[in-house]
Amino acid sequence: MHRRFIVPSALAATFLLAIPAAASPGTVGAPGIGDPYYPASGNGGYDVSHYDLRLKYQPTTDLLEGTATILATTTQELSRFNLDFGLDVHEVRVNGRKARFATSGDHELEVTPAEKPAKGKAVSVVVRYAGKPSELKINGWSAWARTPDGGVAAQEPESAVWWYPSNDHPLDKATYDISVSVPDGTQAISNGVLQSQSSKLGWTRFNWRSDKPQATYLTTLAVGKFDITTDRTADGLPVLNAYSKDLGANAGAARASIERTTEVAEWLTEVFGPYPYNALGGYVPNVTSGFALETQTRPFYSPKQFANGANVSVVVHEIAHQWYGDSVSVDGWKDIWINEGFARYSQWLWSEKEGEGTAQELADYTYAQHPADDPFWKVRPGDPGPDNQFDIAVYDRGALALQALRDEVGDDTFFELLKGWPAEHAHGNANVGDFIRYAERVSGKPLAALFDTWLYQPSRPAAPAAADAGLAEAALPARSAARVERPASWKKIAATNTVHDHGDPTDRGAGGHDHR
């Protein structure tokens, strides 16, 4: 996945309590939303309902100019509140009146309104700003990637800081209008539906709309020169895919994969229920990173995902996130399993559909690859910690947990669970405990011990395996085969293990995490 703003616990406590003595008690919004993994992420005191971003970007200089209008409702009386942002701010207005503002920490914009809004009041915040996103470094890296013909904002868990002010945490989802002006001959790609585009005096403006709640890290912007394909699904949803004009040898494989997005989405509706949004697609900019990201309605794919040829499995992973991760988002980043475990399991189900290995065969083979002393088993997918949030165990051990659940409750109930969960929590937030309680309620079975074994114990559970692997007593039904054969889909799925390796420490422009 991605790099993270990790604040040591003592420093975090100091940061969260750093309220000026002049402030009235209970009227200053907290500079963090309360996520223990990332104490500085998000803010307290208000809920955002809508972002209107009006931007102008010059690719040759990387200069981004913007006016962000943020509509929110206060959750407390506010004498001051914070936004997460890193570029230079020229002016802030709250409810039409100029507000005082200052900066603190790595990305805190502190706003003091001329009049203190009461609790439960609607507020509008207008921020005028400009800067070069690629020059903004936080802990030595940038979530904004320069390309030969533009720039791209796509990262997790934070990316908004580099291009618009926000409450940057999945707990505060909102709708978006994103309007971007770029030089003629250049396109601006974002989330949702392209409402309109127009040209004037050498500049073209693209107007995008996302009409369903969207987490800030799922918001994306790509400016460059793209080949664009458009279509509509059988249900009439607009499909837009974009490919950088300079993808080189990876161009064909990228297209051969992403042009199957509609097919994948139609299949996933059979697994997870109705598609939750009003648009579909994907894009491949000319970046040097190797990761992919489930940016809402229009996933981001690095060209390197297709270096070894077409791979529809990565498309399956990112489109599955539209239900698990995008529509139903995490309460906190410790709940990452209900994003990544399910997206990985969707790849196993695709393999099953394609006749390249059943989910059970993939579970058996995955288990057999990791002996009891493998650090893989030390990572607890249900609460992996910020350093292991995107470890491969969250994906693969997380998928093993789902196979164990499937064996326990049977296929009918299991697939009822897969559809019911995104319906019950559509466009909201939930945590691992919520899913466990939901699974117990629907199945009528006590499942806490099963989930504890597969998600929380830092040791290898007993499971089925081949005799020559020397495995312990099976926790899942034993297999008849003496050896665990490698499923045909394994190589394709393993090729997507870098799906959230968002760069490395030497490639700061791409961001970074390593889950291996």
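Basis for what follows: all heavy atoms, side chains included, without hydrogens, waters or symmetry-related copies.
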I'd like to know whether NZ of K492 has more than 12 heavy-atom contacts from other residues, nucleotides or ligands below 6.0 angstrom. no
Practice task
Check for a donor-acceptor pair, side chain of W337 on one end and backbone N or O of G398 on the other, with a separation under 3.5 Å.
Solution key: yes
Please determine whether a side-chain nitrogen of the Lys or Arg among D149 and K225 lies less than 4.0 Å from a carboxylate oxygen of the Asp or Glu. no
Heavy atoms of R344 and I392 approach each other most closely as NH1-CD1, 4.3 Å
Should the heavy atoms of other residues, nucleotides or ligands under 6.0 Å from CG of D47 be counted, would the total exceed 12? yes
Let's go through D177 and N207 carefully: what are the C-alpha distance in whole Å and the side-chain angles of both, what is the deciding distance for side-chain hydrogen bond (donor to acceptor under 3.5 Å, both in side chains) to 0.1 Å, and is it a yes or a no? CA-CA 7 Å; D177 281 307; N207 298 300; over 6 Å; no
Answer yes if the ring centres of W267 and W350 are under 6.0 angstrom apart, and no otherwise. yes
Those residues at least two apart in sequence (or on a different chain) that pass side-chain hydrogen bond (donor to acceptor under 3.5 Å, both in side chains) with Y438 are none
Validation row, ring centre F85 to ring centre Y129 under 6.0 Å: yes
**Item:** Distance-only polar pair, side chains of T175 and S210, donor-acceptor under 3.5 Å
**Value:** no
Requested in this report: Identify whether NZ of Lys or CZ of Arg in R255 sits under 6.0 Å from the centre of the six-membered ring of Y243 and within 45° of that ring's axis.
Outcome: yes
Indicate yes or no: does R93 engage E91 in a salt bridge with an N to O separation below 4.0 Å.
yes
